[in-house]
Novice: 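Okay, handing you the structure first.
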Amino acid sequence: MARRNKVYEGKAKILYEGPEPGTLVQYFKDDATAFNAEKRDVIEGKGVLNNMLSEFFMTGLNQIGVPTHFIKRINMREQLIRAVEIIPLEVVIRNIAAGSMSKRLGIEEGTRLPRPIIEFYYKDDKLGDPLVSEDQILAFNWASHQDLDDMVALAVRVNDFLSGIMLAVGITLVDFKIEIGRQFEGDMQRLVIADEISPDSCRLWDNKTGQKLDKDVFRRDLGSLTDAYSEVARRLGVMPRNATPITKPKLMN
């Protein structure tokens with residue numbers, strides 16, 4: 001097989017040219033980062049778990065009419081996606097106070113919010129992905145009024161979907177981050193969910209014990225990250241309960 005051309009490499013994923021125009025291959029790495037990459041490690045099997053879980057969530061969203069860039073999973077670490085123009089904003093939806101919100105506003109972690117709160121962060125690693133207002137987004141032309149309305153509508157639908165399936169398996173969806181891209185069809189565009197949805201981008205707590213099943217395990221040195229992600233995958237039926245430990249396969253280019 002001919003070696004694919006690398007299009008982009010981020011902290012957790014690599015994008016390669018896809019087999020057809022308008023497609024990309026997204027490869028999930030085992031790299032784990034936190035605190036704007038100040039803390040980093042390689043967690044064997046993490047990329048496999050995130051690939052499988054993101055496939056599960058993206059497929060479910062597609063089935064209920066929430067558009068995503070996901071086409072299909074190719075293998076244990078790769079999936080075929082549509083090429084989109086990423087809007088330079090992270091959309092964070094919070095159901096319970098945690099993380100930076102608790103620190104920023106002095107709200108005790110674990111406090112249930114009166115309603116889901118949507119925040120926007122400007123995607124710039126050098127600046128630490130700062131929190132931005134809608135006025136700033138419009139002033140700097142990162143997104144239009146219509147884009148913002150559509151992004152909020154997508155975020156609410158994703159929140160409803162994720163909250164429901166997590167609640168069914170005894171997990172509380174505390175908060176999550178999504179990225180949104182523009183998909184062009186001739187002169188028309190539509191916004192779609194892009195990047196990934198996985199425990200890397202969500203806060204997930206066990207309903208009964210409060211045990212963290214997300215990247216906070218790595219951030220706060222709370223144990224094995226792959227054990228936490230594997231537990232989420234098992235509860236959702238993505239991984240059989242008697243599955244053998246995940247080992248790192250070789251990347252075939």
Novice: In residues 168-177, what donor-acceptor pairs under 3.5 Å come from side-chain atoms, sequence neighbours left out?
Specialist:
| residue | atom | partner | partner atom | Å |
| --- | --- | --- | --- | --- |
| T172 | OG1 | N207 | OD1 | 2.4 |
| D175 | OD2 | R94 | NH1 | 3.4 |
| D175 | OD2 | R203 | NH1 | 3.1 |

Novice: Side-chain contact test, heavy atoms from C-beta onward, threshold under 4.5 Å: evaluate it for L49 versus S198 and give yes or no.
Specialist: no
Novice: Tell me, do Y16 and L24 make a side-chain contact under 4.5 Å, heavy atoms counted?
Specialist: no
Novice: One pair to check against salt bridge (charged side-chain N to carboxylate O under 4.0 Å, His left out): D216 and R219. What are the steps and the verdict?
Specialist: CA-CA 5 Å; D216 274 348; R219 292 187 185 99; 2.6 Å; yes
Novice: Run the side-chain hydrogen bond (donor to acceptor under 3.5 Å, both in side chains) test against R115 and tell me which residues pass, sequence neighbours left out.
Specialist: none
Novice: Taking the six-membered ring of F218 as reference, does the NZ or CZ atom of K39 fall below 6.0 Å from its centre and within a 45° cone about the axis?
Specialist: yes
Novice: Grab the two heavy atoms, one from V7 and one from E17, that are nearest each other, plus how far apart they are.
Specialist: CG2-N, 3.6 Å
Novice: Hey, are the side chains of D214 and D200 touching, using non-hydrogen atoms and a 4.5 Å cut-off?
Specialist: no
Novice: Look only at the side chain of H69 and the backbone of D195, and say whether a donor-acceptor pair between them is shorter than 3.5 Å.
Specialist: yes
Novice: Quick one: do N50 and E55 satisfy side chain to side chain donor-acceptor pair (under 3.5 Å)? Show the steps, please.
Specialist: CA-CA 8 Å; N50 280 350; E55 173 198 18; over 6 Å; no
Novice: Any side-chain heavy-atom pair from V48 and F28 closer than 4.5 angstrom?
Specialist: no
Novice: Once rounded to the nearest 0.5 Å, what's the spacing between atom CG of L138 and atom CG of L148?
Specialist: 5.0 Å
Novice: Would you check, one step at a time, whether the test side chain to side chain donor-acceptor pair (under 3.5 Å) holds for E78 with N75?
Specialist: CA-CA 5 Å; E78 296 177 321; N75 54 44; 2.7 Å; yes
Novice: Any non-hydrogen side-chain atom of L15 less than 4.5 Å from a side-chain atom of E9?
Specialist: no
Novice: Any side-chain heavy atom of Q183 within less than 4.5 Å of one from R82?
Specialist: yes
Novice: First locate atom CD1 of I117, then atom CG of N95, and finally report the distance between them rounded to the nearest 0.5 Å.
Specialist: 9.5 Å
Novice: More than 12 foreign heavy atoms under 6.0 Å from CZ of R190: is that the case here?
Specialist: yes
Novice: Answer yes or no: is there a donor N or O on one side and an acceptor on the other, between the side chain of K46 and the main chain of L225, under 3.5 Å?
Specialist: no
Novice: Starting from the C-alpha separation in whole Å, work towards a yes-or-no answer on side chain to side chain contact (heavy atoms under 4.5 Å, CB included) for T23 and I81.
Specialist: CA-CA 6 Å; T23 66; I81 61 173; over 6 Å; no
Novice: Please name the pair of heavy atoms, one in L53 and one in A233, separated by the smallest distance, quoted to 0.1 Å.
Specialist: CD2-CA, 3.9 Å
Novice: Hydrogens and angles aside, do T209 and D206 bring a side-chain donor and acceptor to less than 3.5 Å of each other?
Specialist: yes
Novice: Using a cut-off of 6.0 Å, state whether more than 12 heavy atoms not belonging to R220 lie near its atom CZ.
Specialist: yes
Novice: State plainly whether the residues E109 and K103 are in salt-bridge range, i.e. N to O under 4.0 Å.
Specialist: no
Novice: Considering only residues two or more places apart or on different chains, which pairs with a residue in residues 133-169 satisfy ring pair (Phe, Tyr, Trp, His ring centres under 6.0 Å)?
Specialist: Y122-W142, F140-W142
Novice: Within the 4.5 Å heavy-atom criterion, are L204 and V232 side-chain neighbours or not?
Specialist: yes
Novice: Would a 4.5 Å heavy-atom cut-off, applied to side chains only, mark T226 and E44 as touching?
Specialist: no
Novice: Would you say E119 and Y121 are linked by a side-chain donor-acceptor pair, where the criterion is simply a distance under 3.5 Å?
Specialist: yes
Novice: Evaluate K13 against E196 for salt bridge (charged side-chain N to carboxylate O under 4.0 Å, His left out), listing each step before the verdict.
Specialist: CA-CA 10 Å; K13 292 177 293 296; E196 68 175 302; 2.7 Å; yes
Novice: Are the side chain of K215 and the backbone N or O of T33 linked by a donor-acceptor pair below 3.5 Å?
Specialist: yes
Novice: If you measure from CG on L154 to CG on L61, what distance do you get to the nearest 0.5 Å?
Specialist: 9.5 Å
Novice: Does atom CD of E185 have more than 12 heavy-atom neighbours, drawn from other residues, nucleotides or ligands, at distances under 6.0 Å?
Specialist: yes
